[in-house]
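Just below is one structure, and these are the notes that go with it.
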Amino acid sequence: MNGIDIIKKKRDGKRLSKEEIDFFICEMTRGTIADYQIAAFLMAVYLNDIDEEETFLLTDAMKRSGEIIDLSGIEGIKVDKHSTGGVGDKTTLIAGPIAAACGVPVPKMSGRGLGMTGGTVDKLESIPGFKVSLTMEEFEDRVNETGIAITGQTAQVAKADKILYALRDVTGTVENTGLIASSIMSKKLASGSDAIVLDVKCGCGAFMKSEEEAGRLAEAMVKIGKCAGKRMIALITDMEQPLGRAVGNSLEVAEAIETLKGHGPGDITELSVTLAGAMIAAGGKAETHQEGIYKAEKAVENGKALEKMRELIEGQKGDPAVIYDSGVFPKAGVEENIRFTEDMAAGKADCDTYYVNRLHAGLIGEAVSMTGAGRQKKEDDVDLAAGIYLHKKEGETVKLGEILATVYAHDEEKLMKGKKLYMEAVKIGGRPVKRPLIIGKAGDL
Ligand code: URA
């Protein structure tokens, strides 16, 4: 067997066997297959697709390419939560503490952001002192003591995914259902939880642009997880506009804390309790998803979820003062309010009341990245204080002179770049628009 024959077989649209997939992934991880051959393999998969069985076999081979985490030292049904990546998505920081407050152990391994999508690890680093890289022993101890711990994904988990993902990013082969499903699920299956709640994002700020594609990805990941013996729940949720009002690392942590206090924006509150409800049901602490949602709402109301967040921060050496004093977060060098002026509107509205018709999540993600909050390349540092606060979201009214958004950056140049893209992302007109936030569900619900 050799790599070239495997590439040719996929190039010609044929199915790959378990032996061929195992060989390619194993040799690639050992470094005996060149990057240009891996790139050719990826393009062959992208153009011809892999079927359900090949996707499962690829996931399994990628899972076995690195360390498999043993979480048997943590009692109970351990529940992981994963988002396929969106703009303003801070739900892990809300749903995680809520589920833990309801008795579900949440050992969460998270990544850093890339491009327009943010990463939980970067967000947590905006809390002074917060330790995002725990040893496995510390990770287990924290979950046993607090019920939740969040640590960066170790480089040893699903090593093959690191190689493939880096090349997909630069060869135009990211947006393929089989490749995304195997990439995400190989890491999830290697991370040792018993149940996985997936939030599959759909829209212009996500990898999956249409409901059909997002549905296919959700079904594929649920099937892979179930074949591996995991409890699986997937929600398909809107990513046409950013989630919540805050986009940018420390801004998002502050919004997550406000949401845990019961004062969060409507969309982020709804999605977080829906995800937490799914985690609570998957973790066996509620009979149904609906009962899980009820318990999640109660945990916010009675302050237990906020208290769990405090324990999480303190347990990982972060400064718990952030809970009551947003002044503890890093400060941006410059900030500017963008106000609504008549030339921004398409047409004239009755009584000078206009509506935000569009807040393009993809462009807002890029705008925030331009302020310095995101990475263009993996090695880039992120500015923890930079970002955009959206005072007005889609469907909300705005009058002349009102503030639409505040842009935060280190310097004027970055601020202007973010502002320019924000102006392209926002459309204002005379009619309200409304889209459902939760589009579909799959799995054990
Ligand atoms: N997130 C991943 O981990 N992998 C993908 O392919 C897409 C999103």
Side-chain angles (χ1 to χ4, degrees), residues 25 28 38-39 41-43 45-46 49-50 54-56 58-63 65-67 69 80-92 108-123 150-193 196-210 213-222 224-225 228 230 232 234-237 239 243 361-362 365 369 374-375 378:
I25 294 301
M28 179 191 85
I38 304 169
F41 172 79
L42 286 169
M43 190 53 83
V45 171
Y46 183 88
D49 276 329
I50 43 175
E54 287 173 298
T55 307
F56 180 77
L58 181 61
T59 308
D60 190 53
M62 284 161 71
K63 176 187 105 177
S65 69
E67 190 182 343
I69 310 285
D80 197 353
K81 178 250 164 210
H82 183 83
S83 157
T84 56
V87 178
D89 185 357
K90 68 284 289 173
T91 52
T92 293
K108 178 83 186 95
M109 289 193 172
S110 288
R112 294 189 181 275
L114 187 64
M116 67 182 173
T117 64
T120 302
V121 165
D122 293 322
K123 292 171 200 182
I150 305 179
T151 187
Q153 188 100 49
T154 87
Q156 301 310 313
V157 167
K159 282 185 189 165
D161 179 60
K162 309 241 162 14
I163 302 169
L164 290 177
Y165 198 91
L167 286 168
R168 283 168 62 207
D169 211 25
V170 292
T171 55
T173 53
V174 171
E175 295 91 348
N176 173 273
T177 306
L179 291 177
I180 297 181
S182 54
S183 164
I184 293 175
M185 290 306 294
S186 60
K187 288 175 285 203
K188 295 289 111 186
L189 297 181
S191 300
S193 282
I196 302 162
V197 173
L198 297 168
D199 182 6
V200 180
K201 298 284 181 205
C202 166
C204 64
F207 290 119
M208 293 309 184
K209 308 291 179 210
S210 71
E213 286 172 306
R216 243 187 289 127
L217 177 62
E219 293 288 351
M221 292 196 287
V222 163
I224 294 170
K230 307 288 177 191
M232 295 295 301
L235 300 180
I236 300 152
T237 68
M239 191 29 74
L243 199 50
S369 201
R375 289 186 180 79
K378 232 159 76 188

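Just so you know, these numbers come straight off a predicted model, no measurement behind them. In each ligand, atom 1 is the first atom listed, and ligand 1 is the first ligand listed.
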Among residues at least two apart in sequence or on other chains, which ones pass side chain to side chain contact (heavy atoms under 4.5 Å, CB included) with Lys162? none

Close side-chain approach of Thr84 and Leu198, heavy atoms under 4.5 Å: no

Looking only at atom types and distance, does a side-chain atom of Ser183 sit under 3.5 Å from a main-chain N or O of Asp161, one as donor and one as acceptor? no

Going by side chain to side chain contact (heavy atoms under 4.5 Å, CB included), name the residues that satisfy it together with Thr151, two or more places apart in sequence or in a different chain. Met109, Leu134, Phe139

Run through ligand 1 for me and note each protein residue having a heavy atom under 4.0 Å from it, chain first, then residue number. Thr84, Tyr165, Arg168, Ile180, Ser183, Ile184, Lys187, Phe207

For a quick check under 3.5 Å, do Lys81 and Thr91 share a side-chain donor-acceptor pair by atom type? yes

Thr154: side chain to side chain contact (heavy atoms under 4.5 Å, CB included) partners, not counting sequence neighbours: Glu67, Gln156, Val157

